[in-house]
S.K.: 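First, the structure itself, so that you have it in front of you.
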Amino acid sequence: MTAIEIILSIFILSGAFLSVLGSIGLIRFPDVYGRTHAATKSATLGVISIMIATFLFFLFIEGIFVGKILLAILFVFLTAPVAALMVARAAYRTGVPLWEKSTQERFEKNVRKETE
């Protein structure tokens, strides 16, 4: 096994681990706000890690520079957190309650500013 294969394996395994962690978070967290957090943070990093491994595979093993993979990494990195924010804001505006043991409510002041 070469060094590049070991590096690719580390990226793939870490991406798979982060994706599994995000899936567990979707099941275990009690409210929609925690679930969106789990879905975006870990799953986004997992997908990006696997895509980096794919890019490095094509670059070093096949000898092909694939710029589309880099654009896909950028696209996922920019859009997934914004989508989670929009889902959380929509849930808050429609009255989805926070978990009863939540200690902070950060959306209230922002929603009040927008409605004024």
Side-chain angles (χ1 to χ4, degrees):
M1 220 176 186
T2 64
I4 190 66
E5 290 173 343
I6 293 171
I7 292 170
L8 293 175
S9 299
I10 290 171
F11 272 115
I12 290 173
L13 290 175
S14 65
F17 177 72
L18 288 169
S19 296
V20 167
L21 231 74
S23 300
I24 292 170
L26 281 172
I27 295 169
R28 299 285 304 197
F29 281 145
D31 61 354
V32 68
Y33 309 104
R35 289 178 181 155
T36 56
H37 176 77
T40 56
K41 300 294 182 199
S42 58
T44 300
L45 290 174
V47 168
I48 288 174
S49 179
I50 292 171
M51 292 177 84
I52 288 172
T54 306
F55 175 76
L56 293 175
F57 172 80
F58 280 112
L59 185 64
F60 292 119
I61 305 294
E62 298 293 325
I64 303 169
F65 179 82
V66 184
K68 291 178 185 179
I69 297 175
L70 293 177
L71 290 175
I73 291 169
L74 180 68
F75 181 74
V76 169
F77 184 71
L78 293 176
T79 57
V82 173
L85 174 70
M86 293 297 118
V87 168
R89 285 172 55 140
Y92 187 82
R93 285 183 176 183
T94 57
V96 176
L98 292 167
W99 184 40
E100 62 271 359
K101 293 184 181 177
S102 293
T103 58
Q104 293 181 0
E105 186 173 340
R106 296 183 179 176
F107 281 123
E108 184 179 4
K109 62 181 176 184
N110 293 334
V111 170
R112 238 183 302 124
K113 283 182 188 176
E114 291 174 3
T115 56
E116 293 175 354

S.K.: Check for me, please, whether V20 and I10 land in the same ILVMFWY cluster - side-chain distances under 4.5 Å, paths through other members count.
M.R.: no
S.K.: Closest heavy-atom contact between V32 and A91?
M.R.: CG1-CB, 3.8 Å
S.K.: Quick check on the hydrophobic clustering: are F57 and I69 connected, directly or via other members, by side-chain heavy-atom contacts under 4.5 Å?
M.R.: yes
S.K.: Per the side chain to side chain contact (heavy atoms under 4.5 Å, CB included) rule, which among I73, V76, L18 passes with V47?
M.R.: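 Filter result, single survivor: V76.
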S.K.: Could you report the tightest heavy-atom contact between G46 and S19, atom names first, then the distance?
M.R.: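 Smallest interatomic distance, heavy atoms only, reads CA-OG, 3.9 Å.
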S.K.: Please check: side-chain N/O of T36 versus main-chain N/O of Y33, any donor-acceptor pairing under 3.5 Å?
M.R.: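 Yes; judged by distance alone, with no hydrogens or angles, the pair exists.
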S.K.: When clusters are formed by joining ILVMFWY residues with side-chain heavy atoms under 4.5 Å apart, either directly or through shared neighbours, do I6 and I50 land in the same one?
M.R.: no
S.K.: Between CG of L71 and CE of M51, what distance do you get to the nearest 0.5 Å?
M.R.: 9.5 Å
S.K.: Find the distance between CD1 (I4) and CZ (F60) and round it off to the nearest 0.5 Å.
M.R.: 5.0 Å
S.K.: Report the distance from atom CG of L70 to atom CG of L59, rounding to the nearest 0.5 Å.
M.R.: 9.0 Å
S.K.: CZ/F77 to CG/L45 distance, rounded to the nearest 0.5 angstrom?
M.R.: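 The distance works out to 8.0 Å.
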S.K.: Which atoms form the tightest heavy-atom contact between A38 and L26, and what is the distance?
M.R.: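 Nearest heavy atoms, A38 then L26: CB-N, 4.1 Å.
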S.K.: Distance check, rounded to the nearest 0.5 Å: L8 atom CG versus T2 atom OG1?
M.R.: 8.0 Å
S.K.: Hey, what do you get for OG (S49) to CZ (F17), rounding to the nearest 0.5 Å?
M.R.: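 Between atom OG of S49 and atom CZ of F17 there are 12.0 Å.
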S.K.: Is the ring centre of F58 less than 6.0 Å from the ring centre of F65?
M.R.: no
S.K.: In terms of hydrophobic clustering (I, L, V, M, F, W, Y; side-chain heavy atoms under 4.5 Å; direct or indirect links), are L85 and I48 co-clustered?
M.R.: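 No, L85 does not connect to I48 through the hydrophobic network.
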S.K.: Grouping I, L, V, M, F, W and Y whenever their side-chain heavy atoms are under 4.5 Å apart, do F55 and L74 come out in a common cluster?
M.R.: yes
